[in-house]
Amino acid sequence: MISKTRLYTLVSICLLAGYTWVIFNLVNSNHNEGFSVCLIKNTLGIPCPSCGSTRAVIEFLKGNFTVSIYYNPLGIIILTLMVVLPFWIIADFIKKSSTFYVSYISIENFIRRKKVSVILILLLIINWSWNIYKHL
Amino acid sequence: MESQRVDMFIMANSKYFESHQIPAIRQRLLNIDESKWIMVQSLGYKDPTTSLIVSILAGGLGIDRFIIGDTGLGIGKLLTCGGFGIWSIIDWFMIQSATREKNMILLNTAL
């Protein structure tokens, strides 16, 4: 079980990195074609399950919802997390409560159930095949 | 417990734990009751080498984190292309000690 402070630091670092990355891409949206940080895409040449989610987030912010879903449906999940989590963490920090930590543990236990995990893995594989088919 | 059996256990399983934890584990095993012995021996420890191999091959998908039981962190890695590729590289060096920590937690639950 991950400790509470570690989880909060990790999520904060991820959020900071995520926001920096999105802002960087929004500013450079015209001339970043062919540039990728993805390890799998750079080594194997095929897109990974979450490739295209940056483009999906950016298209969603611009209001092109169908293009966003075409790039990667996971982008919407990431965007939701990026919007919700900062407020949740700050609220926890102010109230000195641990609602986010408790929810994190219970969601983790929910996903570990065999039926749930099999369904999620299947969905992910479908999404991945779609990514490869689209040549993202 | 008899020291001979504890030493046998330590010799067979020392690779699953951090080296600095071994003396403490030995001391605790010496103090435990005979009835807990079968529990301690039958726990499924995760091999750090296996998780390192998985981390190198499929770290970008977060599978290494899923294997050692950090489901939430695994999803985090999966959704971000292995943490923009940086986290997966960091995990090549972190995953072995993370696995050993998980084994220690597992042993603590049995003792």
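Sequence lines set the chain letters: A, B, ... in the order given, protein chains first and strands last, and positions in each chain run from 1.
Taking OH from A:Y104 and CG from B:L73, the interatomic distance works out to 4.0 Å, rounded to the nearest 0.5 Å. With rounding to the nearest 0.5 angstrom, the CD1 atom of A:I121 is 7.5 Å from the CZ atom of B:F66. Here the CG-CD1 distance, from B:L79 to A:I78, works out to 5.0 Å after rounding to the nearest 0.5 Å.
Chain A forms the most heavy-atom pairs under 4.5 Å with one residue out of B:G69, B:G72, B:G59, B:G82, and that residue is B:G72. Contacts with chain A were tallied for B:T80, B:D70, B:L78, B:I89; B:L78 has the most, counting heavy-atom pairs under 4.5 Å.
In A:F93, the CZ atom is not crowded: 12 or fewer heavy atoms of neighbouring residues, nucleotides or ligands sit closer than 6.0 Å. Atom CG of A:L122 is surrounded by more than 12 heavy atoms from other residues, nucleotides or ligands within 6.0 Å.
Side-chain heavy atoms closer than 4.5 Å link hydrophobic residues (I, L, V, M, F, W, Y) into clusters, and following such links, even through other members, never connects A:I132 to A:I126. Note: the hydrophobic cluster containing A:M82 also contains A:V84 (ILVMFWY, side chain heavy atoms under 4.5 Å, direct or indirect links). Put simply, A:I105 and A:V116 are part of the same group of oily side chains (I, L, V, M, F, W, Y) that touch within less than 4.5 Å, one to the next. Cluster annotation: A:L16 is not connected to A:L61 through the hydrophobic network of ILVMFWY side chains, with a link wherever side-chain heavy atoms come within less than 4.5 Å. Residue B:I53 is not grouped with residue B:Y16 when hydrophobic side chains (ILVMFWY) are merged at heavy-atom distances under 4.5 angstrom, including chains of intermediate members.
Residues B:C81 and A:C48 come closest through the heavy atom pair SG-SG, 2.9 Å.
Contact of A:L10 with chain B is made through the side chain alone, with heavy-atom distances under 4.5 Å. Interface residue A:C51: backbone and side-chain heavy atoms are both found under 4.5 Å from chain B.
Side-chain contact between A:I13 and B:W87 is absent, with no heavy atoms from C-beta onward closer than 4.5 Å. Side chains of B:L61 and A:P49 form a contact here, defined as non-hydrogen atoms less than 4.5 Å apart.
Of the possible polar contacts, none joining the B:T71 side chain to the A:E108 backbone as a donor-acceptor pair under 3.5 Å is found.
Applying side-chain contact (heavy atoms from CB on, under 4.5 Å) to B:I75 and the options A:I111, A:I107, A:L120 leaves one that passes, A:I111.
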